[in-house]
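Order of appearance sets the numbers: ligands from 1, and atoms from 1 within every ligand.
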Amino acid sequence: MADGEGSVNGLQLCTRWWEASDRGAAILHYILEQVPHIYCLEAEPQPVEEEQQVQEHILYPLECFLFGEDPSDGLQKLEHKNYGSSSQQCGRVFKEGETVYSCRDCAIDPTCVLCMDCFQNSVHKGHRYKMHASSGGGFCDCGDLEAWKTGPCCSQHDLGTSVAMETVRLKLQERAQTLFQVLLCYITDLMVWEEGDELSEEMKMNENTYYCVLYNDEHHSYDQVIYALQRAISCDHNEAHTHTGRRAVKRGTLRTCQQVKDLIRVNSFEHITQQALRVEILHSAVMAHQTFALRLGAWLQQIIGYSVGFRQVFCQVALEPGADSDKPCLISRLMLHDARLYKGARKVIHELIFCSLLMETEYKKQFAMKFTEHYKQLQEDFISDDHERNISVTALSVQIFTVPTLARQLIEEGSVIKVIIDTVMEMLREHLDNNQRFHFQGYNSDKFFRVQVIFHDLRYILISKPTTWTEQLRGKFLEGFSAFLGLLNCMQGMEEVKRQFGQHIEVEPEWEAGFSIQIQLRHILSMFQDWCSSDERVLLLAFQECHRALLRCTNQPFHSEPTDSYMCKHILHKRPYKVSQEPVSIHLPITRLLAGDCHLLSSKMCLLHHFKDALSEHLDFSAFAEHPLRCVVLAAEVSAEMWRRNGLSLVSQVYYYQDVKCRDEMFDKDIIMLQIAASKMDPNHFLMLILLRFELFEVFNGNCSSKDQWNRLTEEMLNLLIVIVGERYVPGISNVTKQDVTMREVIHLLCIEPMAHSSLVKGLPENESHETGLESVIAKVATFKKPGVSGHGLYELKKECLKEFNPFFYHYTKSQHSKAEDAQKKRRAQDGSDKALRPPVPPPFAPAFSSIVRLLCCDVFIHVLRRVLQRAVEERCTLWSEAMIQRSFQDRKRKAEAAKLHRQKIMAQMSAMQKNFIETHKMLYDNVPESGSQERHVAVGPQQGVCPADWEALTCILCQEEQEVQAQAPAMVLTACVQRSTVLTQYRGKTLSTKEGSYPLFMPPDLAVGTHTGSCGHVMHATCWQKYFEAVQNTTRNRLHAELIIDLENGEYMCPLCKSLCNTVVPLIPLEPSKLNYAKLVGEVLTLPRWIQIVVARIKGLRPAQRAGDESKHCSVLVRPKYSSSITEMLVVCATTVHRVGLQTAPNELCPHVPVMTWNTCAYTIQAIENMLQEEGKALFGSLQNRQVRFCILSVVQFSAVQRLKSSQTVTQKHFTDMLPRSALKKSKKNFCIPQVGLVLSIPALYQEENVDLQPSAISTAYNHLHLVQLLTMAHIVQVLLSSHGIDIHNTHLSLSLMSHRLRTSVSGSMMADRVRRGVLPFLRCAALFFNCLTGVPPPEALSNSPDSHLPLLCSYLALPCNLFQLFQEHRDTVTPLIQRYNTEKLSYIKINIVRYPRKRNRLIDLPEDYSVLLNQASHFKCPKSSDDERKHPTLCLFCGTMLCSQSPCCHVQLDGEEVGACTAHAASCGAGVGMFLRVRECEIVLMASRTRGSTYPAPYLDDYGETDPQLGRGNPLHLCPERYKKLQQLWQQHCILEEIARSLEVLNVMFAFEWQML
Ligand SMILES: [Zn+2]
Ligand SMILES: [Zn+2]
Ligand SMILES: [Zn+2]
Ligand SMILES: [Zn+2]
Ligand SMILES: [Zn+2]
Ligand SMILES: [Zn+2]
Ligand SMILES: [Zn+2]
């Protein structure tokens, strides 16, 4: 161009084009020239630069041309006229996985859907709606008047706000037309361009660069493609990932590209699957133009969106017939080439169609006609296509065929019914046998599946029944009906079976294909009948057509001539046929369709007299009934076990024949046909025919001796007669409504047992809109019982409906029948009412069928009854099947009773054991010795109360032997599970720093990551456990995939009794009874200042020893074998585990941190228990009645207490001296972090230390306890104050001095005091728990009984003054200097993350009540790391509320050198490896622990029927169930997530590892 390299003057270009003689050619020329200068210049695409270039050099000039002026000016004018709205339709195109909504009350059919935004703004929000995940490719129907009965528009697309369609100015229209024409033509040419096609002269370039392009398909997995690529060009992983469906893998000369192509094909062909990957070599110019064509497609979408005028011009251009008469219009060319396009290109084209042709009613019609015209071709392409349907142009059918007006027009003008059926027939032609029947042996299931999709289209077309009929419609409908009969003709009598004698069949015949077609046809059949019934003429003509088709159908011929049969002086002249010997087919669609039509006809009384006139032929009802009767007999014989040698396929067919999925168009129609025949035929003849086909004729004629088999058959036959006479719940057969029918079905389902809503839905037939009618009747017949925290809500039959129970109900299976009968008998026995289950009186037959009752009094029937009764009297009871049935019932009952007894016995044992536990543990508490003074509930200091009994004798759960817990006895151990925890964290997301020097063993007050020790409370001998553990290790190692459940490397095992997951054991240590001699105490008063002096002196004395370092290490505690060797050994085992897990390090029993970690876990566990008790509102000590908690805390405290015996003296001393200064006791230069230290933690730890003081006497221990508690309490109070809100430095000082001066009752003072009391309470509660376990002194009664925290009681238990502030008063001299020092250090403290007291209690995040709010949030979720529009899996962390992009390679990260998904990475920081996530689209909780392990758990959302809905399979509105959410919270807070996972994995018994770490 003349402009050269400089900036493009769009307006100049625009003028030049406008003045050119051929404007289109001028534009095209420019594009052809420019594009290769922008795209495909480098080996790697440069999206940012390319986009900038294309905007500037091409799109901007095009926009200038379109508007004839600066585009922004033009657009403004346009918008001004448009009032900003170009459409009242939403038309949002759904991505795969996007949640869409449909209204059950208002949608014309279930395919009418709304996007999230429209739904939230629509009236349907308050209706009965359904939600589901889109498979992609559809669009929002908001604003489509034909899609909704009411509320067609949301408030955003309200018709009221939309404006009259404006048409763009004439000149603008001319410009648009020129432009769209040349551009769409360009796009089309390039899209349909195929490898090998000649390049147009203008596109040819001198440069000889080629691309080797790889196309994705659905035969090859991602890994396979990577494999092939790596072999061919050694690319890395990322290069193989593409979401557009094709990718250039090589840029180079033609030769190099050819080489790569060959390599890829060879590698994908030889090594992976039979099919080779599709690889093409494209000239770089073609690549460039194709890339630009796609960009243009997106640009056009945007332009069309500006104005309805543009949209209409575009539609005209797209539908304009080609210049040459043989060339179809542009949109047809694109459609017809669809299956050859790659995914990305298809998406652009489809979206362009959505936003143009489908948004304009008039053009939609034209497009629909084109679509119908090409229908066959498109479907054929789709069948051989390797992409999923949602990215095929055939998926557009749902947008077209479901629109009532369009459907009607397509039928009338496009013969669409016939077109669709012809297409199906064409596809299935290859399955026809010589008799023109289908035979699906060896069919290709993938292809077959694609064929079946066409049936959906037929259903769509038939969805809306016409309200008015025209001659044209009648003609076209009947034409379609005939074609349909042609299809049914190929099914009639297909896949015949023949009874196998002697030998079992060798190959199970194929049967699924036939039944899947039957299932597809089910609604279509009933819709055809609905159409017929809406017009009398059509009904009659259809009946005739159907009748003729049946007569023509000769593929199930008789093989012998008619003979006469005599019974009770009646003669039946029939051709013999035996189901048990001749071929029989279960597929009789024409007969059944005829039955439907026939019954419709007879139910219309006015038509009845035309009935025979209309048919010239004589109607042979016995011929109609012949094949249905054979089917019924087949089912009877199978049930009588006469067909056992025919294998499973036959059993399955008979099952489906009567199953709810098929029965309404199979079994039910056969019964109707028999009823029709019974009403039209002579009753004696009818019965004789039945006897003949049941092969019982000779038996009842007395010419044959009885056989067991015949008893079963007789039973089946009598049952059939009961059904024919008694089953009248079909509209038309009797005067019942559809609702009556549904109600009766529901009653009979509930007679079996109380059922959940979803089970009821499954048990009822659905109509074509997936409705069962359940909601309209359920309240009348049943009461709803709400679910508990697990399980689901149930419907129970109302008592007054019990009398409706019919034991002969024809839709019961055998097992349902006996279950229902048992249940009803039981219920009647309970009520003391008559046990006989008499069927209720059926409704009277409609007049056309009233003659059926003649059966009951005809000669043959009487004869049959007489024979049956005679045999019952005469013959032995073994031959009488009723008796046999009775007996079998008895048998079953006996077994059940034995089982029940056994269960009861076990239950009794268990409850006895439980009682035992309670009894024994009570001794620990309640049996305060009489001698001890009752009021001395003091656990600390010289006033310490008496310690009662120790551990009771315990029974080993493995060897069942009893043993006392004694220091010198063999060790008893408690199962335990040590895990890291963030349950108490005040600073979520903070991970444990393991840097040297940061002393990880002090838990900072934010409790970021703690080490929790839990237990299921089961006790074993140490030796028994060791044996068990070794055995488990050995056997599990050999078990397939056992490592998924338990981590052997880390010492995990399952508790032998309750299967809880454990990873260590805690040895039980006997309590050391206090040996205080109170007499001695008198006079000996160790004051606080004096005590501090002593301690400080001692610490000073320790200093040199410490510096001496290692040498001093050996001067540990005197070798004092206080405990037996096995206890000592177990102490090491447990401590090492705590250390390893807590610090995530390699096991090292010599690490000096080992004992410190045990104190750490002791402190953390106590706090976790305190937290749980508070959270659950339980009494501090009362809930320790729970053996599990009690054992756990007791053993952990005792175990921690004796750690000092095992560890190096120096280490403990060092820890102590480190700890003391931090607790504000000692002046030290490095104590700036004083207020931060978790004083609560130091309590347990300090105590152990105190004992280290060489040989502390009982008295000095008591004083140590006393003074430490007092000091720490004071320090904590100061800490609480300092961290309080709204207290600045001066205030602090003031408050403290206030309190030091006995706290005057000023308002601010009392508020402050209150705040302090609340802040200090958790600390005191923990301390009380701790001292209770350490000293064994029973707490005051009130602390065990009521959940209130009795602060005074706590204080006295801990030997603190009831008014805590008295402490400051009493020790004023000691603490005043300390307090002053605090204030000077405050500044540095304030900047740090402040932990306030009481600490906040962590809860799971708040979830919205309505699940669709969550879905809404998720739909707006954008992956932080990628911008592609692929489906994402938004996943919510329930600990902190972060939304993550799960299961997606875009968000994989490296964690300790391993690639993991976003959830695993998040759990590592948020929950110390433990995670609880809600997968929003799947409506499912995922529990995670330790990277490789996870499990799913139902989300705490229930529908109105008290059921969860994993995967949103049912799509009912869901609401939060607070109880269930609370249960999840407990699971978390009680550290049971790991265990829950192990449990569910054990149940599932997974065969392959799910890669949880990739979530
Ligand atoms: Zn919408
Ligand atoms: Zn809307
Ligand atoms: Zn609605
Ligand atoms: Zn044992
Ligand atoms: Zn257990
Ligand atoms: Zn989180
Ligand atoms: Zn992502």
Review point. So, does Ser776 use its side chain to make a donor-acceptor pair with the main chain of Gly773 at under 3.5 Å?
Key: yes

Check your understanding: Would you call Arg1481-Glu98 a salt bridge at under 4.0 Å N-O?
Key -> no

Revision key, fill the gap. Excluding water, the protein N, O or S atoms sitting under 2.8 Å from the Zn ion (ligand 3) are Cys103 SG, Cys106 SG, His124 ND1, His127 ND1

Exercise for review: Among the N/O/S atoms of His157, select the one at the shortest distance from the Zn ion (ligand 2) and name it.
Suggested key: ND1

Point to revise | Between His132 and Thr99: side-chain donor-acceptor atoms closer than 3.5 Å | key: no

Exercise for review: Please confirm whether the backbone N or O of Val1480 pairs with a side-chain atom of Tyr1411, one donor and one acceptor, at under 3.5 Å?
Suggested key: yes

Practice item. Kindly confirm whether the Zn ion (ligand 2) is within less than 2.8 Å of some N/O/S atom in Cys154? Key: yes

**Study point:** Ile1193: which of Ile1169, Thr1013, Thr1165 passes side-chain contact (heavy atoms from CB on, under 4.5 Å)
**Key:** Ile1169

**Study point:** Ion pair Glu771/Arg104, N-O distance below 4.0 Å
**Key:** yes

Point to revise | Side-chain H-bond candidate by donor/acceptor type, Thr1011 with Thr1161, under 3.5 Å | key: no

Point to revise | Minimum-distance atom from the Zn ion (ligand 5) among N, O or S atoms of His1018 | key: ND1

**Study point:** Aromatic centroids of Tyr101 and Phe119 separated by under 6.0 Å
**Key:** yes

Review point. Is there an N/O/S atom in Cys1062 at a distance below 2.8 Å from the Zn ion (ligand 5)?
Key: no

Check your understanding: Under 4.0 Å between a Lys/Arg side-chain N and an Asp/Glu carboxylate O for Arg1543 and Glu1539?
Key -> yes

Revision key, fill the gap. Taking the Zn ion (ligand 5) as the apex, SG on Cys1058 and SG on Cys1055 give an angle, to 10°, of 110°

Review point. Counting backbone and side chain alike, does Cys90 bring an N/O/S atom below 2.8 Å of the Zn ion (ligand 2)?
Key: no

**Study point:** Angle subtended at the Zn ion (ligand 2) by Cys118 SG and Cys142 SG, rounded to 10 degrees
**Key:** 110°

Review point. Are side-chain N/O atoms of His1519 and Glu1409 paired as donor and acceptor at under 3.5 Å?
Key: yes

Check your understanding: Is the Zn ion (ligand 2) less than 2.8 Å from an N/O/S atom of Cys115, whether that atom is in the backbone or a side chain?
Key -> no

